[in-house]
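Below is one structure; the comments refer to it alone.
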2 protein chains.
Amino acid sequence: MPSQLSRSLIKNLDLFRALPDDALDAALQHAQVCRLAEGEAAFHQGEEATRFFVLLHGHLKVVQITPEGEQIVVRYVNPGDVFGIARAMRRSHYPASTIAVQESIALAWPSSEWDQFVSGNPHFASNALQTVGQRLQDAHSRIRELSTEEVEQRVARAILRLVDQSGEETPEGIQINFPITRQDIAEMTGTTLHTVSRLLSAWKERGLVNSGRKRIVVCAMDELIRLAEGPAQTPAGQSAATRGVG
Amino acid sequence: MPSQLSRSLIKNLDLFRALPDDALDAALQHAQVCRLAEGEAAFHQGEEATRFFVLLHGHLKVVQITPEGEQIVVRYVNPGDVFGIARAMRRSHYPASTIAVQESIALAWPSSEWDQFVSGNPHFASNALQTVGQRLQDAHSRIRELSTEEVEQRVARAILRLVDQSGEETPEGIQINFPITRQDIAEMTGTTLHTVSRLLSAWKERGLVNSGRKRIVVCAMDELIRLAEGPAQTPAGQSAATRGVG
DNA sequence: CGTCCCGTTGATCCCTATCAAATGTAGTGG
DNA sequence: CCACTACATTTGATAGGGATCAACGGGACG
């Protein structure tokens, strides 16, 4: 049975906020603790969706494999996030794999418990709807970016988002809180590790970032934000060359 | 107040299936009929999300505009689909515009009614979760396609999906049921109208499709499906040339 | 019958994937 | 402590898929 520690963590999650204390305790009675080593999967794409999870500690990535064997990163799971809720959307199998990128700890419930949570508290499904709605919006943002933006903007945006979610202050700047490779970023942005490497090298040259093996630090957020917003706009009557002159 | 006709239509929608008859009638009491001319919007991106809708007749497209003014098509709304449910996901404003591509009729409810539907029947939110979950999956499929596939595959897939949802048998083949331009398809697949036009021309040459102004007919589904699945795979020990020989 | 949209087609260019190879870095076992 | 291995990263060279620029053709509708 999960420790008392879990209780205070869970209690503050959006999804569980609606549950009264006794219902919460009852819920925790049925939870299993799930420890994952780096590289280990909580579940695999295509498996029957027997459980759903809350991440307590660590970081996971959600990946889909295409029929051709290429991989894409759907999203990163941060502590406090719910994942594996396929069954709640009436999908019998997980649509993606979820893999620990570092040592992680999660709580797991049998999917069958979901309905009890819902019937126990009417706000529960509604909270889940909000969570999924947010993910849908994020997905649409990504579609928009993939459709209309260039690689440099997309990579800049991806890194900014990771920093927002999991940034950690360091003397050098703000660092992404978990190990992440060029390949990972490529799989998030629809490009190749080569292109990502070239971009990071160029940015390092200009002092925007600092990076090494599985590690990225952003030194100049503002500059990176400018990159993410795209090539300098040329409003009516101005050309890039004449802007700011006069 | 909506006609008796609406009732039998609504009754069979996934979202409303859970409502008992009397609740359904009560719901219909509060519904407004919303008629849209071609090109007219049910609502615009950024507006406050005051209503949600069910499409009874016609076709709508959901579009997002980027800060740079480029447009993308998020999805098409078919008769029976729910749309404009931003508020149910606790978003106060619509994240996209929804525009009739032909004369259409919808039912509309004030967003405030949503909570009553939910409290009136616990399955309601759960049904909505399923709907949104399906959309999330679709969005992830699109992300995967934009990330890993070539333009020809993506366009083929987009057309096949439209045909699946709104195909109509004709002597020539299966026709997409509503007016759609090269530009629209470009905005669905992250390419340009020029490239779409070239592809359709090439396919017409090969007898796969037939198309004209705002009109696309698929003559050879199987061939198009093959295109959508990508360039011929060459599994270990086989070349495309030798496959199937022997 | 003219005008507006939509579609077609050519020519050109450039971003970025791909191919190829070297370098660097953490971890492991002797 | 060092050699060895596995994996991450960097960097160069090249090619090609599509975007972009430009112009024309054609059907619908007032």
Side-chain angles (χ1 to χ4, degrees), chain A residues 37-39 61 66 68 70-73 101-103 145-156 158-159 176 178-206 209-217 227 230-231 234, chain B residues 37-39 61 66 68-72 101-103 145-156 158-159 176 178-206 209-217 227 230-231 234:
Chain A
E38 180 177 330
K61 62 178 175 182
T66 69
E68 287 74 31
E70 281 172 295
Q71 208 176 77
I72 67 153
V73 174
V101 297
Q102 60 185 185
E103 269 216 314
E145 290 162 20
L146 283 165
S147 297
T148 66
E149 295 180 353
E150 313 238 307
V151 168
E152 185 169 40
Q153 295 177 63
R154 303 204 305 264
V155 172
I159 289 176
I176 294 173
F178 53 84
I180 186 165
T181 66
R182 311 286 184 263
Q183 177 74 36
D184 290 326
I185 296 194
E187 288 173 6
M188 296 178 69
T189 53
T191 178
T192 62
L193 78 163
H194 307 275
T195 298
V196 173
S197 177
R198 276 182 243 270
L199 285 171
L200 286 176
S201 295
W203 292 347
K204 186 188 278 190
E205 200 97 359
R206 293 167 51 189
V209 303
N210 214 321
S211 72
R213 192 188 170 91
K214 293 193 174 186
R215 191 181 68 92
I216 298 176
V217 186
L227 277 181
T234 49
Chain B
E38 181 178 327
K61 62 178 174 182
T66 70
E68 286 74 32
E70 283 173 295
Q71 209 176 77
I72 67 153
V101 298
Q102 61 185 184
E103 269 215 316
E145 290 163 19
L146 283 165
S147 297
T148 65
E149 295 180 353
E150 312 239 308
V151 168
E152 186 169 41
Q153 295 177 63
R154 302 204 306 263
V155 172
I159 290 176
I176 294 173
F178 53 85
I180 185 164
T181 67
R182 309 288 184 261
Q183 177 74 36
D184 289 326
I185 295 192
E187 288 173 5
M188 295 178 68
T189 53
T191 179
T192 63
L193 75 162
H194 307 275
T195 298
V196 174
S197 177
R198 275 182 244 271
L199 284 171
L200 286 175
S201 294
W203 292 347
K204 187 189 277 188
E205 201 96 358
R206 293 166 52 189
V209 303
N210 215 321
S211 73
R213 193 188 172 88
K214 292 193 174 187
R215 194 182 65 92
I216 297 175
V217 187
L227 278 181
T234 49

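Within every chain, numbering begins at 1; the chains are lettered A, B, ... in the order of the sequence lines, protein sequences first and strands thereafter. As a basis for the values below, the full set of heavy atoms in this structure was taken, side chains included, without hydrogen atoms, waters or symmetry mates.
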Inset, instruction - Could you pick out which residue, B/Gln183 or A/Gly190, lies toward the 5' side of DNA chain C when each is mapped onto its nearest nucleotide? - result: B/Gln183
Inset, instruction - Look at the side chain of A/Arg182 and decide which nucleotide, out of D/dT11, D/dT9, C/dG10, has an atom nearest to it. - result: D/dT9
Legend entry - N or O in side chain of A/Ser211 less than 4.0 angstrom from D/dT9 OP1/OP2: no
Legend entry - Polar side chain donor-acceptor pair, B/Thr195 to B/Arg182, under 3.5 angstrom: no
Inset, instruction - Give a yes/no on whether any side-chain N or O of A/Thr181 is located under 4.0 angstrom from OP1 or OP2 of D/dA8. - result: no
Legend entry - Residue A/Thr192, side-chain heavy atoms: nucleotide from C/dA26, C/dT18, C/dT8 that is nearest: C/dT18
Inset, instruction - To the nearest Å, give me how far apart CD (B/Glu152) and C1' (D/dA19) are. - result: 17 Å
Inset, instruction - For A/Leu200 and D/dA8, give me the distance from atom CG to atom P, rounded to whole Å. - result: 15 Å
Legend entry - OP1 or OP2 of D/dG17 under 4.0 Å from side-chain N/O of B/Thr195: no
Inset, instruction - Decide, yes or no, whether a salt bridge links B/Lys214 with B/Glu38 under the criterion of side-chain N to carboxylate O below 4.0 Å. - result: yes
Legend entry - Presence of donor-acceptor pair under 3.5 Å, side chain of B/His194 and base of C/dT9: yes
Legend entry - For A/Leu193 against A/Ala186, the heavy-atom pair lying closest together: N-CB, 3.5 Å
Inset, instruction - Look at A/Glu205 together with A/Arg198 and state whether they make a salt bridge at an N to O cut-off of under 4.0 Å. - result: no
Legend entry - Whole angstrom value for the distance that separates P of D/dG26 from CZ of B/Arg215: 17 Å
Legend entry - A/Ser201 side-chain proximity, nearest of C/dT9, D/dT10, D/dA19: D/dT10
Legend entry - Rounded interatomic separation in angstrom, taking CD1 from A/Ile185 and P from D/dT10: 11 Å
Legend entry - Atom-pair distance (NZ on A/Lys204; C1' on D/dT10), nearest Å: 10 Å
Inset, instruction - Output yes when at least one side-chain N/O atom of B/Ser197 is less than 4.0 Å from OP1 or OP2 of C/dT8, else no. - result: yes
Legend entry - Proximity to the side chain of B/Glu150 - top-ranked nucleotide from D/dA19, C/dA17, D/dG17: D/dG17
Inset, instruction - Going by the side-chain contact (heavy atoms from CB on, under 4.5 Å) test, name the single residue among A/Thr189, A/Ile180, A/Ile185 that passes it with A/Ile159. - result: A/Ile185
Inset, instruction - Establish whether the base of C/dT18 is bridged to the side chain of A/Arg198 by a donor-acceptor pair shorter than 3.5 Å. - result: yes
Inset, instruction - Starting at atom CD1 of B/Ile216, determine the distance to atom C1' of C/dC6, rounded to an integer number of angstrom. - result: 12 Å
Inset, instruction - Let me know the distance between CD of A/Glu149 and C1' of D/dA19, rounded to the nearest Å. - result: 16 Å
Legend entry - B/Glu187 CD to C/dC6 C1', straight-line distance once rounded to whole Å: 14 Å
Legend entry - Candidate nucleotides D/dT11, C/dG24, D/dA19, ranked by approach to the side chain of A/Arg213 - the nearest: C/dG24
